[in-house]
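The structure appears below as structure tokens.
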There are 4 protein chains.
Amino acid sequence: MAGGVVPGVVFGRGGSGAVNDSDQGAVRAARPKRADARRNEKTLLDAAAAVFVASGVDAPVRDIAAKAGVGVGTIYRHFPTRADLIIAVYRHQVEACAEAGPTLLETSATPYEALRRWIDLFVDFLVTKHGLAAVLQSDDAGFDALHSYFLDRLVPVCGRLLDAAAESGEIRPDLEAYGLMRGVGNLCIGADHDPRYDARRLVGLLVEGLRRPD
Amino acid sequence: MAGGVVPGVVFGRGGSGAVNDSDQGAVRAARPKRADARRNEKTLLDAAAAVFVASGVDAPVRDIAAKAGVGVGTIYRHFPTRADLIIAVYRHQVEACAEAGPTLLETSATPYEALRRWIDLFVDFLVTKHGLAAVLQSDDAGFDALHSYFLDRLVPVCGRLLDAAAESGEIRPDLEAYGLMRGVGNLCIGADHDPRYDARRLVGLLVEGLRRPD
Amino acid sequence: MAGGVVPGVVFGRGGSGAVNDSDQGAVRAARPKRADARRNEKTLLDAAAAVFVASGVDAPVRDIAAKAGVGVGTIYRHFPTRADLIIAVYRHQVEACAEAGPTLLETSATPYEALRRWIDLFVDFLVTKHGLAAVLQSDDAGFDALHSYFLDRLVPVCGRLLDAAAESGEIRPDLEAYGLMRGVGNLCIGADHDPRYDARRLVGLLVEGLRRPD
Amino acid sequence: MAGGVVPGVVFGRGGSGAVNDSDQGAVRAARPKRADARRNEKTLLDAAAAVFVASGVDAPVRDIAAKAGVGVGTIYRHFPTRADLIIAVYRHQVEACAEAGPTLLETSATPYEALRRWIDLFVDFLVTKHGLAAVLQSDDAGFDALHSYFLDRLVPVCGRLLDAAAESGEIRPDLEAYGLMRGVGNLCIGADHDPRYDARRLVGLLVEGLRRPD
DNA sequence: GATGAATGAGTCTTCATTCAT
DNA sequence: AATGAATGAAGACTCATTCAT
């Protein structure tokens, strides 16, 4: 089954290429400094990812700076808002997830099966991101960019899968992708730090619930 | 249909009696002063409820005090910790919800139907409590009392309904009440402030998902 | 030796009579309520003394009220300022100490001996009063009444002993009673809660130091 | 008389060298920024010293910040706890005092004379530090570091002087340095803000008292 | 007279964010 | 460009003191 391939592709970090490269195609003489700035940004993202895992996505900026061995100013230079930083940290994985949608549709037995597996991928991603699911719900305006990014990137993909499954008659046709994504995201909140709570299981039930006709 | 009765009773505030009343009918030297303190506490709870709706359950103490027109000290006097305040604010509704469980079991056509309706009750409660669902997930030790209260009060009720529905063969028997409650709670996060997100609908799907055999 | 008598007299509480009675000689028809008010005041003083021992003389007013089983308002009615309360609590003992001066002068072998023993009395008193010695040094205006009381009552007594000892040629004649009292008071600070610090010993050395001619 | 030399050296601030200087002569990549931070720290210490004189060592952090013309955060950055700040403020003088001990032993006519003069030095230091003597008695755990610092640094020095004087037969041999330091410290409490109280004089008498055989 | 509820000033402490070096 | 020092807004909590009942 081709399914086994996907996760590897998806979460290998770096899978989908130049997502974060902001200066390809610089026409003017390449600025020599750029090299270490790039290196610095990589360091930053790794540090942020590590701290996010340990303390959640709203960890103090200073902690991240310390972990990266840079000053806080450097973080602000590269990522003016926290949303920018979070997006950058998870961009590769989000992209990979988005790209996995069409692939799964092709490689799965049925559209519903593809949907199920794609959701699994998304859950796997979220469940390990301490606090990310929570911040995705925050109505703080500072996170608008973050919300937009996630939704713009993933909702259409989910929508396609949903439509396909509806067309094939496997699920009820009346659920918007947006709502499903939010629901799945919510179910992932707090999935770490509570061994008694199995988010994957609940998401499974939710997706199962889609099958029943209204 | 008896079901229609329950919600009215449940969420009418004060429906289920003496939960928070600590001295009705006190025969002994009943301190006369309590009158205004009681009134004040009511004011406080109403203000807190209002502020919770507007700013979430972790709104600044001072905001709540201001809303109630009292000094912050008054709040600390009545509710030493934030958890105490939150519990007090929602106690009536939680109690009512808890008490509705057995009633629904009696008055519903099937155990599953009772479970479904009880969950609906719980969702109706949570959905309107901005931030409550979120704080119920917090791993901050200061909220332990809050967690305990909710779980102690509601999980057993839910467990009974779940067991009954499992015994009647309507649902798969392998989901713990704790997990279901957490899942439902999570699905309710952010349900206000986002018209595109219909928590009730998703919870409905989740409960629907229970019916399928594994 | 008569000395043995003195401490008993001094610290027996109630030794010196009507010090705290504020209404003897009321010409108008005796107010009937006065009885329980008096009792209340006694309760208050005992409670304050106990709390002072446990938490120092700047213990929270509420603690004292709680210990006495009265409301804080009652304390403020009887003792408008903290200084008033402290004075009232220690009045008997201060009076007893003051009165012991002349007695000791008569019953001791020499004036210096009397001085030495009187100082011992004072130290015994202070050392057991957690925080009293410290507050006696505070330059907080709120304690002026307290300072005045202690000084007015004890400095003259000490002065008499000092003069007598100077006249008898046992000590240098150039130390003011005020300074000596303050010094002894200071040496008593923190004498409790530190077993390695022996205030009595140091006061002994200080008094010993008086003997040397300049 | 060599004695005249010592006080000048001792209390000139900066007399004894590198105590607080943490990187003089740092050969490696010496962070250039440190310049203004260092200047700031100096400002801070001066401001703290001034406020301590005026309001005692437990003056509000904000007062110190205001006096120094910095934000409160700056103080917390440099001195995480109040004890840290107090220690820093007095470090130079404490060190100088400690170092004066051996010097005095060499340059004085007798060990007792050295002791006397060293105590004078200590008194000169303490008498001008409003509230320091008091806080040195506090049993608040937050001041443990402060206590330790003072004791670790000064008690051994005093002990050496005491031992020498005892060996030379000038004083009674049975007083611990710790007790003497505490006693002297206590006698210095409130020595400012009371012109009628001469701490130096009383300390003089205390030290005089040491000479008498038990 | 007694009570204790209410008040609110005063402190501490944390962190996001800016900006001089 | 990078640094990290400085800033100061925010929010929690305590307790002396007043005052309605």
Side-chain angles (χ1 to χ4, degrees), chain A residues 31-34 36-37 40-41 44 58-66 68-78 80-82 142, chain B residues 31-41 43-44 58-66 68-78 80-82 142, chain C residues 31-34 36-37 40-41 44 58-66 68-78 80-82 142, chain D residues 31-41 43-44 58-66 68-78 80-82 142:
Chain A
R31 306 254 205 78
K33 272 293 181 52
R34 221 51 176 236
D36 71 296
N40 217 321
E41 190 159 315
L44 228 40
D58 33 49
V61 177
R62 223 182 308 265
D63 289 1
I64 301 169
V70 304
V72 290
T74 304
I75 293 187
Y76 280 96
R77 164 177 298 274
H78 287 278
T81 75
R82 183 175 291 267
Chain B
R31 300 292 183 75
K33 181 71 71 43
R34 226 50 178 238
D36 73 304
R38 174 84 58 84
R39 189 163 34 254
N40 219 318
E41 187 159 318
T43 307
L44 227 42
D58 34 49
V61 176
R62 228 185 300 262
D63 290 0
I64 301 169
V70 305
V72 292
T74 304
I75 294 187
Y76 282 101
R77 163 182 289 274
H78 287 279
T81 75
R82 183 175 292 270
Chain C
R31 307 256 203 78
K33 274 292 180 56
R34 220 52 174 236
D36 72 297
N40 218 321
E41 189 159 316
L44 227 40
D58 32 49
V61 178
R62 224 183 305 265
D63 290 2
I64 302 169
V70 305
V72 290
T74 305
I75 292 187
Y76 280 95
R77 164 177 297 273
H78 286 280
T81 76
R82 183 176 291 268
Chain D
R31 300 292 184 74
K33 184 70 71 46
R34 227 48 178 241
D36 73 304
R38 176 84 59 83
R39 190 164 34 255
N40 217 318
E41 187 159 319
T43 307
L44 228 41
D58 33 48
V61 176
R62 215 168 330 240
D63 289 1
I64 301 169
V70 304
V72 291
T74 304
I75 293 187
Y76 281 99
R77 163 181 290 272
H78 287 279
T81 74
R82 184 174 292 269

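Values below: all heavy atoms of this structure, side chains included; hydrogens, waters and symmetry mates excluded. Below, chain A is the first sequence line, B the second, and so on; all start at residue 1.
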(message) For a quick test of reading the model, state the closest non-hydrogen atom pair linking T74(D) to N40(D) and the distance between them.
(response) CG2-OD1, 4.4 Å

(message) Without decimals, in angstroms, what is the distance between N40(B) CG and dT21(F) P?
(response) 11 Å

(request) Describe the nucleic acid contact of G69(B) in one word from base, sugar-phosphate, nothing, applying a heavy-atom distance below 4.0 Å. (result) sugar-phosphate

(message) Just the rounded figure in Å: distance from C1' of dG11(F) to CD1 of I64(B).
(response) 12 Å

(request) Could you state the atom-to-atom distance from CZ of R39(D) to P of dA6(F) in whole Å? (result) 10 Å

(request) Treat primed atoms plus P, OP1 and OP2 as sugar-phosphate and everything else as base, then score nucleotides 12-19 of chain E 5' to 3': B for base contact with protein heavy atoms under 4.0 Å, S for sugar-phosphate contact only, - for none. (result) BBB-BBB-

(request) Taking only the side-chain nitrogens and oxygens of T74(B), find out if one of them lies under 4.0 Å from OP1 or OP2 of dT7(E). (result) yes

(message) If you assign each of I75(A) and D63(B) to its closest nucleotide in DNA chain F, which residue comes earlier from the 5' end?
(response) I75(A)

(request) Please work out the stems of DNA chain E from pairs that are Watson-Crick or G-U wobble with both distances under 3.5 Å, keeping only runs of three or more consecutive pairs. (result) E:2-21 with F:2-21

(request) Establish, with yes or no, whether the OP1 or OP2 oxygen of dA1(F) is under 4.0 angstrom from a side-chain nitrogen or oxygen of H78(A). (result) no

(request) Looking only at non-hydrogen atoms, find the nearest pair between A68(D) and T43(D) and report the distance. (result) O-CG2, 3.7 Å

(request) Establish whether the base of dA1(F) is bridged to the side chain of R77(A) by a donor-acceptor pair shorter than 3.5 Å. (result) no

(message) Without decimals, in angstroms, what is the distance between E41(B) CD and dG4(E) C1'?
(response) 15 Å

(request) Locate the shortest heavy-atom distance separating V61(D) from R82(D); write the atom from each residue and the value. (result) CG2-NH2, 3.6 Å

